[in-house]
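One-based numbering along the sequence shown. Counting convention: from 1, in listed order, for ligands and their atoms alike. Keep in mind that the numbers below use all heavy atoms, side chains included, and drop hydrogens, waters and symmetry copies.
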Amino acid sequence: MAVLVTGGAGYIGSHTVRLLVAQQREVVVLDSLELGTKSRIGSVPFYEGNISDEKLIEKICKKHDIDEVIHFAAYKAVGESMEQPLRYYNNNVAGTINLVRALLANGVERLVFSSSAAVYGNPNSVPVTEEEPMKPESVYAETKAVMERFLASCEAIGLRTVSLRYFNAAGASADSTIGEDWSMSQNLVPLVMKAILGFSGPLNVFGNDYPTPDGTCIRDYIHVEDLADAHIKALDYLATGGKSLACNVGTGKGTSVLEVLDMAEQVSGRKVPHVITHRRPGDPVSVFADPTMVRALLGWKATHDLRDIISSAWNWHSKAEANS
Ligand code: WQD
């Protein structure tokens, strides 16, 4: 019996594959390598391909006796999604439908899905609970919400699922051998590192006139290795008969943009070159999780704090300076 990890050569996927292997689980990775990097996953059985290739899914399921799946594969650039709705719905939503059809045809009954707190849009209140209605504000987030609803409906035809609504994933592996690719990410932490190391101009801080203590937006930054652990606990929850659910995966602590910059300066011993610019359209003022459900049902909680996150990111990204 083995777990199939779609998108397993990606940022969060590869950290999850690492942890599965460390726990002596049989793992197989399917990745199109459009966004993933094969070197991240070492010698794990690997198939380059698309989640819509039902013949390939059948071949993998039969050859490796797949009995559970972690589904990361998706396009996830918020801004790009607004310009390319057809590409995002086809890849993310139609791809997932095709994947599920092939999995069900091959007897797979358990799937963990990589969702996002972006399904909440601008939440009515924080900390955000799962009672918060889904009000996605980008095509990317809409596809995540549609996939969640589709997967929840599949329990009626024999597929039990857990949708994990990530807050802001950040950081890198403890041994600094894998991490986020700042050429593929517009997220805050890798861009902070790029600015410190001089591989970009000053960081743009998108607005300091928000109704928060220091005027900058608040988010829930979660260590990528903690996030990987949440996926494995979700697999175990389903393997012991758990019913389908969607739950937040976050620390429950809100951190502002300037607090991230301050921690980066403490950890690196260097200044973060930055300029305060206009607000970024669509940015919610404050989004951080209420992790009560994930703790109660999956037995998961974050073990890394902001300093761990930023230190691991610094150790990973500063290798670029050493290699330049
Ligand atoms: C964090 C904060 C920015 C860059 C997005 C997606 C979400 C998820 C995580 C996939 C915000 C500020 C950022 C910069 C800045 N992705 N910022 N200057 O927008 O919270 O979430 O990524 O699942 O779906 O929406 O993350 O890292 O882009 O921004 O000031 O150059 O940092 O305004 O307040 P975000 P982010």
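From the protein, the heavy atom lying nearest to atom 19 (O) of ligand 1 is R280 NH2, 2.8 Å. Among protein heavy atoms, atom 15 (C) of ligand 1 sits closest to F206 CD1, 3.3 Å. Residue, atom and distance of the protein heavy atom nearest to atom 33 (O) of ligand 1 are D283 OD2, 2.6 Å. The nearest protein atom to atom 5 (C) of ligand 1, hydrogens excluded, is given as N187 OD1, 4.0 Å; this is a heavy-atom distance. Nearest protein heavy-atom contact of atom 1 (C) of ligand 1 is Y221 OH, 3.6 Å. Summary of contacts: the protein heavy atom closest to atom 34 (O) of ligand 1 is C217 CB, 3.0 Å.
An N or O contact shorter than 3.5 Å links S116 to ligand 1 by distance. Inclusion of L188 in the set of residues having an N or O under 3.5 Å from an N or O of ligand 1 is warranted.
At a heavy-atom cutoff of 4.0 Å, ligand 1 is contacted by the side chain of V257 but not by its backbone. Within the 4.0 Å heavy-atom criterion, the part of L203 lying near ligand 1 is the side chain and not the backbone.
Within the cation-pi definition used here (under 6.0 Å to the ring centroid, within 45° of the axis), R219 does not qualify as a partner of F288. Both cation-pi conditions hold for R279 and Y210: the charged atom is under 6.0 angstrom from the six-membered ring centre and inside a 45 degree cone around its axis.
Nearest to atom 26 (O) of ligand 1 by heavy-atom distance, out of I12, T216, N168, is N168. Comparing heavy-atom distances from atom 20 (O) of ligand 1 across R219, Q186, E137 singles out R219 as nearest.
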| field | W182/S200 under side chain to side chain contact (heavy atoms under 4.5 Å, CB included): CA gap, chis, key distance, verdict | value | CA-CA 11 Å; W182 63 27; S200 75; over 6 Å; no
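Remark: distances from the non-hydrogen atoms of Y140 to ligand 1 include one below 4.0 Å.
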